[in-house]
Amino acid sequence: MTVRTRFAPSPTGFLHIGGARTALYCWLESRRRGGEFLLRIEDTDRERSTDVAVQAILDAMQWLGLEADHAPVYQTHRLERYRKVADQLVAAGKAYYAYESKDEIEAMREAAMANGEKPRYNGYYRDRNEPLRDDPNRVIRFRNPSEGSVVFDDKVKGRIEWANAELDDLVIFRSDGWPTYNFAVVVDDIDMGITEVIRGDDHVNNTPRQINIYHALGGTVPEFAHLPMILDKEGKKLSKRTSAVSVMEYRDDGFLPHALLNYLVRLGWSHGDQEIFSRDEMIALFDVADVNKAASRFDTEKLAWLNQHYLKTDDPQVLAPELVWHLARAGADVTAGPAPAEVIVALRDRVHTLKEMAERAMIWYAPIVDWDDKAVAKHLKNDSAAGVLETAKALLAGCEWNPEPIHQVIEQVATKLELGMGKIAQPLRVAMTGTQVSPSIDHTIYLAGRTEALRRIDAAIEIASA
RNA sequence: GCUCCCUUCGUCUAGUGGCCCAGGACACUGCCCUCUCAAGGCGGGAACACGAGUUCGAGUCUCGUAGGGAGCACCA
């Protein structure tokens with residue numbers, strides 16, 4: 001039997017970090033075992049589902065490169081199927097109609113709680129055999145076994161046993177004519193031939209109910225793997241207020257998709273001491289059975305380290321389009337500056353994200369507007385600056401325009417004026433950038449281009465001798 | 001309240017009864033390198049939640065305690 005996994009988000013918002021990890025694990029598991037990875041959009045909540053969210057999720061999946069093997073399945077397209085299956089269940093006596101109003105159910109729940117019991121449906125219509133009637137409150141409830149227990153071997157959590165006495169007769173079809181989650185999931189997973197259900201562990205509690213429905217439907221119960229949650233830095237549930245939760249926010253913040261994936265795969269899973277995983281390595285080595293049981297915290301700093309690792313090791317030519325995207329966002333005219341691949345080489349040891357890189361690269365794509373007062377005072381307004389700039393300018397006007405010759409020019413200036421490198425590099429750095437910080441001075445000058453470099457030195461000489 | 005789940009450095013984790021007075025990585029930190037900032041190199045501090053038990057021997061097995069989490073919907 002071919003292994004089939006699925007990722008089944010409900011389109012009520014953007015794809016968030018936890019969902020992305022679930023999708024990644026589903027995808028990896030199917031890839032390693034030569035199976036298929038499917039996508040299902042769980043949009044039966046007509047109140048909260050939106051087309052915008054569907055598109056956002058699809059976009060994020062694509063950005064991450066988690067391609068599905070078939071077109072997505074939309075639950076809203078399958079209403080007829082759910083109806084048919086529910087009717088079969090009723091006909092077989094495995095489900096029944098019930099007519100309580102939501103208020104009555106609420107009262108039932110409160111009464112149970114007051115009694116120190118679990119809030120459950122009391123099964124009033126379970127064995128009444130009342131004839132079918134029209135009623136705005138009519139729902140279909142699943143006749144859950146009242147005795148025995150459900151046992152399953154979770155690939156992450158281990159053996160879990162649940163007494164049927166703890167379960168009540170859940171609604172599988174709402175009064176508005178739509179199926180509920182627990183029912184639709186099972187019907188879909190059977191129809192789609194899902195063999196491995198990998199999902200967040202907030203679903204552990206639903207699993208026994210679903211297994212009972214599998215049995216009632218005569219379906220083969222799949223393997224389950226419930227993934228622990230991802231918490232924020234404080235150990236709280238991830239929330240928009242405290243951290244970036246949307247996958248696309250990470251793109252906007254300058255992270256590479258494979259850096260995010262590498263971070264996510266190591267969050268809750270490991271392979272010895274290995275930290276860096278290529279896509280192929282992940283596929284070859286990942287196994288849901290090795291996922292940890294405990295929740296883990298999202299650490300942006302480690303993600304940043306990984307991101308820089310890929311910035312440093314990926315081919316600059318391949319990375320260039322990514323930087324261009326961020327440069328454009330930063331307002332740069334990319335045609336008015338150096339080749340992006342060269343900028344990457346100059347800055348990749350100094351930044352953690354592409355966004356940061358684009359911001360720093362602006363010194364080569366736009367004129368200096370903000371002069372750092374301290375930098376000017378310290379490195380331009382001193383006895384040697386003007387002379388250094390004049391000397392450098394003269395030599396730079398005629399040298400070959402590459403980092404190495406430019407470096408030689410700077411050394412010549414140092415020798416000629418009998419000054420240390422610090423006295424030479426800093427004034428030039430301020431001239432080039434308006435600040436005290438930049439990549440090595442030879443590269444900084446080189447990337448500015450000869451015309452612009454000389455122009456900036458002129459401007460700095462004016463300031464220095466003013 | 002009830003049911004289920006979880007617990008190794010600040011964080012992610014290695015560890016499947018002796019190889020562990022607990023290893024790696026991020027973060028922090030000292031030194032080196034150095035034209036700034038980084039990157040890099042070499043070091044450092046830092047953890048088995050607690051208590052019983054099983055065993056010659058427990059981070060590893062069992063049971064309790066404490067703490068944390070999830071669920072208990074006509075949401076998914």
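- Listed pair A/R266 / B/U11 fails the phosphate criterion, with no side-chain N or O lying under 4.0 Å from OP1 or OP2.
- In this structure, A/R109 does not reach the B/C72 phosphate: none of its side-chain N or O atoms is under 4.0 Å from OP1 or OP2.
- Neither OP1 nor OP2 of B/C4 sits under 4.0 Å from any side-chain N or O of A/K118.
- Candidate nucleotides B/U3, B/C35, B/C12 were compared by shortest atom distance to the side chain of A/K302, and B/C12 ranks first.
- If you measure from atom CG of A/L306 to atom C1' of B/C26, you get 9 Å, rounded to the nearest angstrom.
- Going from atom CZ of A/R350 over to atom P of B/G40 covers 12 Å, rounded to whole Å.
- Comparing the same atom, C1', in B/C20 and in B/U65 gives a spacing of 27 Å after rounding to whole Å.
- In the interface, the side chain of A/E275 is paired with the base of B/G24 through a donor and an acceptor atom under 3.5 Å apart.
- If you check every strand for non-hydrogen atoms under 4.0 Å, A/K423 touches nothing.
- No contact: A/P208 has no heavy atom under 4.0 Å from any strand.
- Summarising the geometry, the separation between CD on A/E166 and C1' on B/C4 is reported as 9 Å, rounded to the nearest angstrom.
- Using a 4.0 Å heavy-atom cutoff across all strands shown, A/K237 reaches sugar-phosphate atoms only and no base atom.
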message: Show, in sequence, the C-alpha distance, side-chain angles and deciding distance for A/H203 and A/Y181, and conclude whether the ring-ring contact (aromatic ring centres under 6.0 Å, His included) test is met.
response: CA-CA 11 Å; A/H203 290 286; A/Y181 166 74; 5.4 Å; yes

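- Nucleotides B/A46 and B/A25, compared at atom C1', are 14 Å apart to the nearest Å.
- Between A/R141 and B/C74 there is a side-chain N or O to OP1 or OP2 distance below 4.0 Å.
- For A/T180 and B/A76, the shortest distance from a side-chain N or O to OP1 or OP2 is not below 4.0 Å.
- For the pair A/T44 and B/A76, the criterion of a side-chain N or O lying under 4.0 Å from OP1 or OP2 is met.
- Of the two residues contacting RNA chain B, namely A/F298 and A/E161, the nearest-nucleotide position lying further toward the 5' end is that of A/E161.
- In the set B/C37, B/C35, B/A76, B/A76 carries the atom at the smallest distance from any side-chain atom of A/H203.
- Put simply, the side chain of A/D273 and the base of B/G23 share a donor and an acceptor less than 3.5 Å apart.
- Distance A/L347 CG to B/U36 P: 17 Å, rounded to the nearest Å.
- Note on A/R174: a side-chain N or O is less than 4.0 Å away from OP1 or OP2 of B/C75.
- The separation of B/G1 from B/U11, taken at their P atoms, amounts to 28 Å, rounded to a whole angstrom.
- Taking atom CD1 of A/I445 as the reference point, atom C1' of B/C35 lies 11 Å away to the nearest angstrom.
- Under a cut-off of 6.0 angstrom, the local environment of CD in A/E147 is sparse, with at most 12 non-hydrogen atoms contributed by other residues, nucleotides or ligands.
- Counting to the nearest Å, the C1' atom of B/A27 and the OH atom of A/Y263 are 12 Å from each other.
- Annotation: B/C50 and B/G68 have their C1' atoms spaced 15 Å apart (nearest Å).
- Taking side-chain N and O atoms only, A/N292 has a distance below 4.0 Å to OP1 or OP2 of B/A14.
- For the atom pair CG (A/N382) and CD (A/Q426), the distance works out to 11.0 Å, reported to the nearest 0.5 Å.
- A cation-pi contact, defined as under 6.0 Å to the ring centre and within 45° of the axis, is absent between A/R126 and A/Y96.
- The nearest whole Å value for the distance from the CZ atom in A/R360 to the P atom in B/C37 is 12 Å.
- Aromatic rings from A/Y25 and A/F286 are positioned such that their centres are separated by under 6.0 Å.
- Looking at heavy-atom distances under 4.0 Å, A/G235 makes no contact with the nucleic acid at all.
- Proximity of A/S438 to the phosphate of B/C37: no side-chain N or O atom is located under 4.0 Å from OP1 or OP2.
- Of the candidates B/C35, B/C4, B/A14, the closest approach to any side-chain atom of A/H407 belongs to B/C35.
- Across all their heavy atoms, A/L15 and A/A60 have their closest contact at CD2-CB, 3.6 Å.
- Computed from coordinates, the A/M421 CE to B/C37 P distance equals 14 Å when rounded to whole Å.
- Closest approach to the A/A294 side chain among B/U13, B/C4, B/U7 is made by B/U7 (side chain taken as heavy atoms from C-beta onward).
- Taking the P atoms as reference points, B/C33 lies 41 Å from B/C19, given to the whole Å.
- Relative to the ring axis of A/Y124, A/R128 places its NZ or CZ within 45° and under 6.0 Å from the centre.
- Among the heavy atoms of the strands, none lies under 4.0 Å from A/E104.
- Going from the C1' atom of B/U62 to that of B/G40 covers 50 Å, rounded to whole Å.
- Closest-nucleotide positions on RNA chain B for A/N205 and A/V437 were compared, and the one nearer the 5' end corresponds to A/V437.
- Taking atom C1' on both B/C28 and B/C61, the two are 37 Å apart, rounded to the nearest angstrom.
- Geometrically, A/R133 engages A/Y99 in a cation-pi contact, judged by NZ or CZ lying under 6.0 Å from the ring centre and within 45° of the ring axis.
- Side-chain atoms of A/I105 lie closest to B/C74 of the nucleotides B/G1, B/C12, B/C74.
- The gap from the C1' atom of B/A22 to that of B/A47 amounts to 9 Å, rounded to the nearest Å.
- Taking side-chain N and O atoms only, A/K293 has a distance below 4.0 Å to OP1 or OP2 of B/C6.
- Closest to the side chain of A/I441, from the set B/A70, B/C35, B/C12, is B/C35.
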